[in-house]
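Down below is the structure, laid out as structure tokens.
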Amino acid sequence: MKLKLDITPDLVAAMAAGVKAGEKAVTAAMREAGTGLKSSWRMQVTGAGLGRRLANSIRSQTFPRSGESLDAAALVWSKAPVIVGAHDTGPLIRSKDGFYLAIPTEAAGRGLRGRRITPGEWERRRGLRLRFVYRRRGPSLLVAEGRLNTKGQAVVSRSKTGRGKVTAPIFFLVPQVKLPKRLNLDRDAERAMDSVPGLIVANWAASKSIKYSDNIAVGT
């Protein structure tokens with residue numbers, strides 16, 4: 001028995017076209033999955049009340065950056081990983097030096113660029129000294145002698161008679177804080193991964209239907 005195999009140019013071209021279609025389908029699927037996951041994470045962040053700015057820190061990128069590949073991949077990440085990760089895991093936060101965490105009250109106001117103000121920064125900006133008040137029950141306090149302005153923030157009192165002067169709690173002092181878990185990023189990531197096979201099939205089928213429709217000839 002004699003067998004002969006001829007590889008025609010048409011067969012080679014068909015195989016090459018199949019590989020190319022696969023590359024396009026996989027790359028498109030990974031791009032859709034990555035973009036969808038980015039949108040889901042952003043919706044979680046805004047839904048948790050963490051603000052649009054933090055939500056916009058979620059980014060996505062498909063690899064390769066140009067062209068198509070059967071090994072295409074998508075990366076979704078945050079440009080503020082510490083903050084997003086903390087709200088995703090709900091960690092127990094302790095003071096670095098082993099003492100207290102200073103939690104500002106409304107009377108403390110905000111720090112530079114809207115950040116949480118520290119006791120040292122508060123004293124420098126307000127020109128007042130903080131005084132430690134120990135409490136057996138509940139958190140201890142850092143308080144200041146002054147007056148409350150129209151925003152409810154403690155400032156220096158200019159009154160010579162002491163009118164309007166108060167002892168205002170500026171910081172609560174606690175040994176540790178349990179941050180509530182407000183995000184569930186793994187849930188959306190698993191959904192995105194599960195969607196990839198279906199996206200590949202859908203994109204492959206779409207590319208084939210386009211190819212077949214392009215080959216239809218209409219005559220009269």
Do Thr35 and Ser60 meet the criterion of a side-chain donor-acceptor pair at a distance under 3.5 Å?
no

Do Glu145 and Thr167 pair up side chain to side chain, a donor and an acceptor below 3.5 Å, judged on atom types alone?
yes

Does atom CZ (Arg129) have a neighbourhood of more than 12 heavy atoms from anything else shown, all under 6.0 Å?
no

Contact between Ile103 and Phe171 at the side-chain level, heavy atoms closer than 4.5 Å - yes or no?
no

Taking everything shown except Glu106 itself, do over 12 heavy atoms lie less than 6.0 Å from its CD?
no

Would you give the length of the straight line joining atom OG of Ser40 to atom CD1 of Ile58, rounded to the nearest 0.5 angstrom?
11.0 Å

Over all atoms of both residues, closest heavy-atom pair of Val174 and Pro139
CG1-CB, 3.7 Å

NZ (Lys165) with more than 12 external heavy atoms under 6.0 Å:
no

Nearest atoms (heavy-atom pairs only) where Pro169 meets Val143
CA-CG1, 3.9 Å

Smallest separation among heavy atoms of Ile170 and Ala107, with atom names:
CD1-CB, 4.1 Å

Looking at Arg94 and Leu92, what are the two nearest heavy atoms and their distance?
NH2-CD2, 3.2 Å

Indicate the atoms forming the closest heavy-atom contact of Gly22 with Leu70, along with that distance.
C-CD2, 3.4 Å

Lys38 NZ: over 12 foreign heavy atoms closer than 6.0 Å
yes

Could you check whether the rings of Phe132 and Tyr100 sit parallel, tilted or perpendicular, using 30° and 60° as the cut-offs?
tilted

Please check if the number of heavy atoms outside Arg125 that lie under 6.0 Å from its CZ is greater than 12.
yes

When clusters are formed by joining ILVMFWY residues with side-chain heavy atoms under 4.5 Å apart, either directly or through shared neighbours, do Ile200 and Val76 land in the same one?
no

From Lys24 atom NZ to Asn203 atom CG, the distance as rounded to the nearest 0.5 Å
11.5 Å

Would you compute the distance between atom CD of Glu123 and atom OG1 of Thr118 and round it to the nearest 0.5 angstrom?
9.5 Å

Would you check if Leu50 and Leu183 make a side-chain contact, meaning some heavy-atom pair closer than 4.5 Å?
yes

Would you check, one step at a time, whether the test side chain to side chain contact (heavy atoms under 4.5 Å, CB included) holds for Met30 with Phe63?
CA-CA 9 Å; Met30 297 309 301; Phe63 299 93; over 6 Å; no

